[in-house]
Peer 1: 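This structure is in structure tokens; I'll ask about it shortly.
If you're wondering where the values come from, they're calculated on a predicted model, not measured in any experiment. Index from 1, following the sequence. For ligands, and for the atoms within them, numbers begin at 1 and follow the listed sequence.
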Amino acid sequence: MSTPEHAPDQNAQFDAIVVGAGFAGLYMLHRLRRSGRTARVYEAASDVGGTWYWNRYPGARCDAESLAYSYSFSPELEKEWSWSERYATQPEILKYAQHVADRFDLKRDIRFERQVEAAHYDEADRKWKVSTDEGDTASAPILIMATGCLSVPLVPDIPGLDDFAGRRFQASLWPHEGVDFSGERVGVIGTGSSAIQAIPQLAEQAAHLTVFQRTPNFSVPAHNCPLDPEFQAGFKANYPEHRRLHRLGLGSGFGDLQVEPREFGPAVESALSLSDEEFDAVCEGLWQKGGAIFLTASADIVVDERANARLADFVHRKIRATVRDPETADALCPTSHPIGTKRICVDTDYYATFNRDNVRLVNLRRTPIERIVATGVDLSPENPGDEGEHIGLDSLVLATGFDAMTGALNRIDIRGAGAARLTDRWAEGPRTYLGLMIAGFPNLFTITGPGSPSVLSNMLVSIEQHVDMIMDCLGEMETRGATIVEATPDAQEGWVAHVNEVANATLMPKAGSWYMGANVPGKPRVFMPYGAGVGVYREVCEGVVEDGWRGFSFSS
Ligand code: FAD
Ligand code: NAP
């Protein structure tokens, strides 16, 4: 890590400390400052942007439409910023984050290249004491974690990984200068959203690409396109109404370029009420529109296995119609989880890429990786007694995901009242009230924390809602003359039970997904996000506030 531009803070005092300078941290800082509060943001990266700072792999772009995946808090910002494509690329989104930071003069309160290592609540002082890897020490009565749901990359525990003598890259820690794969034999491990975006681009560049797939994922076409300036101007003229719909979570708030507002929500209540031909027509319509709205084919696909299987079958047929080699097509068809129970991938030419002569899919369910060696990957034999295959590689790309939702929080030594450790409290899975506060951890807020819709939503919508609610809560503290706000243990238990109840009424827990913590060895299997949608969640939060901040205790 390079030398930070600023000397470390020494016993610095602020009204609030924020950890993370992605979209959550930036908006939080802006609101804190606008309210006249002093704040310090610590960020591990050397610039703003969070996800969009770190994830620079080829093909990285948003899967929520840019006109929806952007801040709504400033009409001036909305007006002056133009998106060039339906789904913006990573460089464009990063530029947007940098523009926001400059426009609102945020960087002066951010300290970059600072990893927050510890945050301890001092009960006598009623302050959070924060320290970083660069020796900063600072305290504030309020601590806000804007550490991200997908900010801790996972390095797979594959034997021999460190023996590989070629170039190795992690999709989520991509070199800033870019990578030229021309003429190389490249391997990609993983077939989640990151890999599915990267694979078509890597295939264009590399001499040969081998895709190592353990579990296939469902992917739908993005139908990305340039945004016509006139269309964009018309959309923006109606921005308040679009934003209102995003906040209600219609279309999951992912965007509405291809959808008339009246078409928001499920196309039909039950897939089972339609004939095969009728349901196919609904699916085809959504497939042609592109994007995650494909999952809105019917209301029952998240709760009814038979309805879900019909939607999955439609995608299987699309894969088989696209991929010429039947064995490869078969291997690409997901069968081990219901569609929508893992994050749906949104792609450009993913399946068609497997028709290229220079691309090969290795089905790790048949021939698992035995070990990685200096020159490539050794596969186990398919049948006992056979020779295992060696695949020679010049470069290896790991698109193996994240320790999601709790990873960034659990990596910080967070201690609340009575020096209770967060990792102990969460040993059997995260427990929060509304995904916003944790009982026993006074004045500590988590933006898009576990127990809120977060990763099941357009995150910009959820981030803005949480930041606004935190500001309202700070305002309420002032009104009441309180110095401490805390979630009550009862409210937290009730919320955790409700989150589980909502999840268990759906097919979501049936998948070994990162929503369930299933991708991290030893992580408790708990469905972490709140699955009732951002509209319902917003209503719940509004009800809590109307009831005098039900479930929060204020004291001085
Ligand atoms: P982040 O952007 O993750 O920022 C958190 C920041 O906190 C990071 O910069 C990190 O370095 C910093 N940090 C963490 N811990 C510490 C610490 N201890 N000390 C100091 N700094 C720390 N969501 C969507 O809704 N639509 C999309 O299209 C979409 N696409 C995505 C594509 C990719 C490749 C990934 C990985 C995620 C995507 N997401 C998407 C989710 C995305 O994470 C959110 O949309 C959003 O960017 C999160 O913003 P954030 O500020 O909450 O977190
Ligand atoms: P991911 O969805 O968790 O995918 C990780 C992949 O790596 C999986 O295919 C997994 O296989 C594989 N893998 C992990 N360990 C492995 C091992 N030891 N051997 C073989 N394969 C292994 O991670 P991601 O692709 O980075 O996406 C994470 C989330 O980030 C997404 O779900 C989405 O929310 C967000 N994201 C969004 C976009 C976008 O479109 N805008 C792009 C990228 C990321 P198994 O399934 O078998 O474990």
Peer 1: Using a plain distance cutoff, I'd like to know if Ala408 has any nitrogen or oxygen under 3.5 Å from a nitrogen or oxygen of ligand 1.
Peer 2: no
Peer 1: Non-hydrogen atoms of Arg61 versus ligand 2: any pair closer than 4.0 Å?
Peer 2: yes
Peer 1: For the pair Phe181 and Phe169, name the ring-plane relationship: parallel under 30°, tilted 30 to 60°, perpendicular over 60°.
Peer 2: perpendicular
Peer 1: Can you find an N/O atom of Gly20 closer than 3.5 Å to an N/O atom of ligand 1?
Peer 2: no
Peer 1: May I ask whether Tyr53 places a heavy atom under 4.0 Å from ligand 1?
Peer 2: no
Peer 1: Gln115 heavy atoms, cut-off 4.0 Å: which ligand 1 atoms fall inside?
Peer 2: 17 (C), 18 (N), 19 (N), 20 (C)
Peer 1: Output the list of atoms in ligand 2 that are nearer than 4.0 Å to some heavy atom of Thr215, sorted by atom number.
Peer 2: 45 (P), 46 (O), 47 (O)
Peer 1: Within a distance under 4.0 Å of any heavy atom of Ile412, pick out the atoms of ligand 1 and give their elements.
Peer 2: 18 (N)
Peer 1: Has ligand 1 got any nitrogen or oxygen that is less than 3.5 angstrom from a nitrogen or oxygen of Thr51?
Peer 2: yes
Peer 1: Quick one: do Asp9 and Arg114 make a salt bridge, cutoff under 4.0 Å?
Peer 2: no
Peer 1: Heavy-atom contacts under 4.0 Å between Tyr57 and ligand 1: side chain, backbone, both, or neither?
Peer 2: side chain
Peer 1: Using heavy-atom distances only, which candidate in Ala97, Gly148, Ser66 approaches atom 53 (O) of ligand 1 most closely?
Peer 2: Gly148
Peer 1: Looking at Gly190, which atoms of ligand 2 are within less than 4.0 Å of one of its heavy atoms?
Peer 2: 6 (C), 7 (O), 9 (O), 12 (C)
Peer 1: Inspect the surroundings of CG in Asp105 and state if more than 12 heavy atoms from other residues, nucleotides or ligands are less than 6.0 Å away.
Peer 2: yes
Peer 1: Specify side chain, backbone, both or neither for Cys62, according to which of its non-hydrogen atoms lie closer than 4.0 Å to ligand 2.
Peer 2: backbone
Peer 1: Below 4.0 Å from any atom of ligand 1, is there a heavy atom belonging to Cys149?
Peer 2: no
Peer 1: Which ligand 2 atoms, with their elements, are less than 4.0 angstrom from a heavy-atom of Thr191?
Peer 2: 6 (C), 8 (C), 9 (O)
Peer 1: Report yes if some N/O of Trp54 lies less than 3.5 Å from some N/O of ligand 1; otherwise report no.
Peer 2: yes
Peer 1: Quick test: of every protein heavy atom, which one is nearest to atom 25 (O) of ligand 1, and how far off is it to 0.1 Å?
Peer 2: Met459 N, 2.8 Å
Peer 1: Check each heavy atom of Ile463 against ligand 1 and say whether those closer than 4.0 Å belong to the side chain, the backbone, both or neither.
Peer 2: side chain
Peer 1: Under 4.0 Å from a heavy atom of Ala64: give me the atoms of ligand 1 that qualify, with their elements.
Peer 2: 26 (N), 28 (O)
Peer 1: Under 4.0 Å from ligand 2, counting heavy atoms only, is it the side chain of Ala399, its backbone, both or neither?
Peer 2: backbone
Peer 1: State if Asn458 counts as touching ligand 1 under the rule of any non-hydrogen atom under 4.0 Å.
Peer 2: yes
Peer 1: Under 4.0 Å from any heavy atom of Tyr42, which atoms of ligand 1 are there?
Peer 2: 20 (C), 21 (N)
Peer 1: Does any N or O of ligand 2 fall below 3.5 Å from an N or O anywhere on Asp63, backbone included?
Peer 2: yes
Peer 1: I'd like to check which ligand 1 atoms, numbered from 1 as shown, lie under 4.0 Å from a non-hydrogen atom of Asn55.
Peer 2: 34 (C), 36 (C)
Peer 1: Of the protein's non-hydrogen atoms, which lies at the shortest distance from atom 52 (O) of ligand 1, and what is that distance?
Peer 2: Ala24 CB, 3.5 Å
Peer 1: Which of the atoms in ligand 2, numbered in the order shown and given with their element, are less than 4.0 Å from a heavy-atom of Lys342?
Peer 2: 46 (O)
Peer 1: Kindly confirm or rule out an N or O of Phe402 lying under 3.5 angstrom from an N or O of ligand 1.
Peer 2: no
Peer 1: Looking only at protein heavy atoms, which one is nearest to atom 11 (O) of ligand 1, and how far off is it?
Peer 2: Glu43 OE2, 2.6 Å
Peer 1: Considering distance alone, does some N or O of Val19 sit under 3.5 Å from an N or O of ligand 1?
Peer 2: no
Peer 1: Just by modelled atom types, is the Ala331 backbone N or O under 3.5 Å from a matching donor or acceptor in the Gln213 side chain?
Peer 2: yes
Peer 1: If the cut-off is 4.0 Å to any non-hydrogen atom of Ser151, which atoms of ligand 1 fall inside it?
Peer 2: 3 (O)
Peer 1: Closer than 4.0 Å to some heavy atom of Tyr57 - which atoms of ligand 2 meet that?
Peer 2: 42 (C), 43 (C)
Peer 1: Is the shortest N/O to N/O distance between Leu364 and ligand 2 below 3.5 Å?
Peer 2: no
Peer 1: With atom 29 (C) of ligand 2 as the reference point, say which of Trp514, Tyr515, Tyr69, Tyr87 has the nearest heavy atom.
Peer 2: Trp514
Peer 1: Are any of the N/O atoms on Asn217, whether in the backbone or the side chain, positioned under 3.5 angstrom from an N/O atom of ligand 2?
Peer 2: no
Peer 1: Any N/O of Asp63 closer than 3.5 Å to an N/O of ligand 1?
Peer 2: yes
Peer 1: Check each of Gly401, Ser193, Ser172 against atom 37 (C) of ligand 2 and report the one with the nearest heavy atom.
Peer 2: Ser193
Peer 1: Looking only at N/O atoms, are Phe23 and ligand 1 under 3.5 Å apart anywhere?
Peer 2: yes
Peer 1: Could you tell me, atom by atom, which parts of ligand 2 come under 4.0 Å of a heavy atom of Gly192?
Peer 2: 2 (O), 4 (O), 6 (C), 9 (O), 25 (O)
Peer 1: Looking only at heavy atoms, is any part of Tyr69 under 4.0 Å from ligand 1, and if so is it the side chain, the backbone, or both, or is it neither?
Peer 2: side chain
Peer 1: Of the backbone atoms (N, CA, C, O) and the side-chain heavy atoms from C-beta on, which set of Val346 has a member under 4.0 Å from an atom of ligand 2: side chain, backbone, both, or neither?
Peer 2: neither
Peer 1: Under 4.0 Å, heavy-atom basis, I'd like to know which part of Ser193 is in contact with ligand 1: side chain, backbone, both or neither.
Peer 2: neither
Peer 1: Which bit of Gln90 is near ligand 1, meaning a heavy atom under 4.0 Å away: side chain, backbone, both or neither?
Peer 2: neither
Peer 1: Distance under 4.0 Å to a non-hydrogen atom of Ala146: what atoms of ligand 1 satisfy this?
Peer 2: 5 (C), 6 (C), 7 (O)
Peer 1: Heavy atom under 4.0 Å from ligand 2: found in Phe212's side chain, backbone, both, or neither?
Peer 2: neither
Peer 1: With a 4.0 Å cut-off on heavy atoms, does Ser172 reach ligand 1?
Peer 2: no
Peer 1: Taking non-hydrogen atoms only, is Val455 closer than 4.0 angstrom to ligand 1 via side chain, backbone, both or neither?
Peer 2: neither
Peer 1: Considering the heavy atoms of Pro156, write down every atom of ligand 2 situated less than 4.0 Å from one of them.
Peer 2: 18 (N)
Peer 1: Can you list the atoms of ligand 1 that are under 4.0 Å from a heavy atom of Arg114?
Peer 2: 19 (N), 20 (C)
Peer 1: Within 4.0 Å of atom 39 (N) of ligand 1 (strictly less), any protein heavy atom?
Peer 2: no
Peer 1: Give the residue and atom name of whichever protein heavy atom lies nearest to atom 32 (C) of ligand 1, and the separation in Å to one decimal.
Peer 2: Trp52 CH2, 3.5 Å
Peer 1: Is Val116 touching ligand 1 with its side chain, its backbone, both, or neither, if touching means heavy atoms under 4.0 Å apart?
Peer 2: both
